[in-house]
Amino acid sequence: MERMIEVEGLARHFGPLVAVDDVSFSVSRGEVLGFLGPNGAGKSTTMKMITGFLAPTRGRVAVAGNDIARKALAAKAAIGYLPEGAPAYGDMTPASFLAFAARARGLGRAAARAGIERAVEQVELQAVLEQPIETLSKGYKRRVGLAQAILHDPPVLILDEPTDGLDPNQKHQVRNLILGMARDKAIIISTHILEEVGAVCSRALIIAQGRIVADGTPRELEAMSRYHNAVQIRVAAEGAEAALAGLPGVERVVALGEGAYQVFPTAGASITEAVAGHARAQGWEVEQLVVEAGRLDEVFRRMTTGEQDVPESLPAPGEEAA
Amino acid sequence: MSRMLTVFRRELASYFNTPLAYVFIIIFLFLTGIFTFYLGNFFGRGQADLKPFFSFHPWLYLFLVPAIAMRLWAEERKSGSIELLLTLPISLADAVLGKFLAAWAFTAIALACTFPMWLTVAYLGDPDHGVIVAGYLGSLLMAGGYLAIGSAVSSLSKNQVIAFVITVVVCFLFTVSGAPIVLDAFTAWAPQRVVDIVASLSFLTHFEAITNGVLDLRDIFYFVSMIGFWLFANLVLVDARKAA
């Protein structure tokens with residue numbers, strides 16, 4: 001696969017503050033890389049360095065084979081960038097703003113018209129094309145920024161929180177848009193919405209305090225969770241908790257109330273069959289049995305804050321706010 | 001070049017997207033009129049020239065030009081659009097130059113709107129048109145000098161009011177650097193050569209030389225190098241301060 005974005009040993013200091021510290025990764029065509037991390041972790045700073053806005057303190061970035069420091073214009077030409085907060089010129093209309101972006105990217109008249117038309121259609125901007133951008137809603141402003149980033153059909157897309165401020169329908173639409181473009185582009189998105197990672201990313205980096213603390217596919221990251229292969233069972237039987245805790249491969253059992261238990265395996269073990277077999281053998285009336293793939297939010301919390309403990313009383317999956 | 005023109009066109013259009021352009025031009029014309037006819041005693045002098053008109057330009061520009069220049073970079077930094085602008089495949093020099101030239105073109109438009117003044121003297125008497133052309137050229141060059149200072153200062157702050165105030169102060173110092181108000185700060189300790197250099201930096205002296213109809217290359221070179229120096233400072237400052 002063709003490596004479109006290469007980042008090596010990237011670091012950025014702001015005075016005494018180390019915003020990004022020795023970050024290395026690469027993104028190939030066809031990949032959607034998710035940047036995950038708490039606010040202030042260095043996601044946006046990394047993006048600003050990849051797009052050539054900020055000069056790194058150390059390290060190098062190459063986009064489409066062009067070093068961002070030495071061949072800045074060629075590298076920038078290959079990028080479509082949605083900066084944090086989707087800034088735009090408020091006094092312009094989307095139509096004139098997009099025309100400006102197209103001209104600045106050196107598109108000819110016909111190519112500009114075609115590109116703008118396609119981008120406007122993709123993000124559904126038709127209704128507001130002639131209104132000043134500063135009068136638009138947050139969702140429309142974000143879509144203007146997106147349209148600006150994709151109108152020249154760049155091989156590399158860098159999107160800083162592309163779905164921030166969108167309603168659920170618009171989020172869905174933007175995710176589909178990203179998935180649709182993923183095949184022939186290298187894309188980086190940053191987000192703090194964990195469900196987005198599973199929905200659009202082929203790979204994700206968890207960043208905390210300027211460092212990459214985890215790197216893998218969404219499934220691999222989920223597998224790092226304590227909930228990976230954990231079993232949730234709801235039975236109406238006396239002494240179920242003790243019986244479950246005695247099964248081979250079970251690390252601990254947490255009672256969730258109303259006859260529901262969360263059964264954690266020891267690392268790497270699979271306990272589904274043991275739990276199901278035991279229930280069958282004992283003739284338990286099993287109302288519910290769920291095997292979890294893992295919880296990204298738990299991995300995220302553990303990786304970014306170092307919180308180790310699984311709390312004693314646990315909310316059932318899906319009840320926890322995303 | 002074409003990328004610079006793209007920035008130039010966007011910037012110039014943005015003046016006219018907002019009331020700024022119209023408010024500025026109307027106030028500029030109003031004030032030049034008042035100053036020329038009342039303070040400058042345009043009719044009473046009995047001379048067919050535009051001397052009273054041009055003599056107030058340095059003082060008008062001192063407040064009006066920083067008002068245009070203050071937004072050039074401060075606004076970009078405040079709204080975050082600077083990140084967009086500088087990640088487009090446009091060089092920083094093109095962006096700085098395009099913005100400056102758009103602001104300069106705008107002041108040229110405002111200045112051009114004073115043409116009835118010229119028609120008036122032409123109607124009333126027989127003025128030396130060469131001197132008037134020189135006056136307009138000098139005025140435009142001086143506005144460029146103020147603008148370049150303002151553009152550089154505006155890249156220092158996200159706050160347009162701060163940019164405005166600092167620009168006015170810096171422009172004031174350059175305007176009157178030939179006068180005791182500035183020179184007295186140097187005569188006490190600096191050698192005469194330094195004092196002479198400071199004095200030679202005065203906008204006023206060079207502007208008055210040009211408006212007298214003497215198109216000395218040194219005066220033109222002074223303004224052009226002033227603009228060049230401040231635009232270079234602008235470039236360095238934007239690069240250093242863009243992320244702050």
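Side chains are part of it too, since the values below use all heavy atoms of this structure and drop only hydrogens, waters and symmetry mates. The chains referred to below are lettered A, B, ... by the order of the sequence lines, with proteins before strands, and numbering in each begins at 1.
- A salt bridge is absent between A:Arg58 and A:Asp22; no separation between the charged side-chain nitrogens and carboxylate oxygens falls under 4.0 Å.
- Contacts of A:Ala77 with chain B are made by both backbone and side-chain atoms, with heavy-atom separations under 4.5 Å.
- Test B:Phe100, B:Phe28, B:Tyr22, B:Phe16 against B:Phe106 for ring-ring contact (aromatic ring centres under 6.0 Å, His included) and you get one pass: B:Phe16.
- Contact check on B:Glu76 versus B:Lys242 returns no salt bridge, with no Lys/Arg side-chain nitrogen under 4.0 Å from an Asp/Glu carboxylate oxygen.
- Of the residues considered (B:Ser14, B:Pro89, B:Ser79, B:Ser91), B:Pro89 shows the highest number of contacts with chain A, using heavy-atom pairs under 4.5 Å.
- Looking at B:Glu75, neither its backbone nor its side chain comes within 4.5 Å of chain A, counting heavy atoms on both sides.
- Comparing B:Ser81, B:Ala13, B:Ser2 by how many heavy-atom pairs each has under 4.5 Å with chain A, the most go to B:Ser81.
- Counting heavy-atom pairs closer than 4.5 Å to chain A, the top residue among B:Val7, B:Ile82, B:Asp239 is B:Ile82.
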I would like to know whether B:Asp94 and B:Arg3 meet salt bridge (charged side-chain N to carboxylate O under 4.0 Å, His left out); could you show each step before the answer? CA-CA 7 Å; B:Asp94 281 343; B:Arg3 307 263 156 115; over 6 Å; no

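- Here the side chain of A:His152 pairs a donor or acceptor atom with the backbone of A:Ile79 at under 3.5 angstrom.
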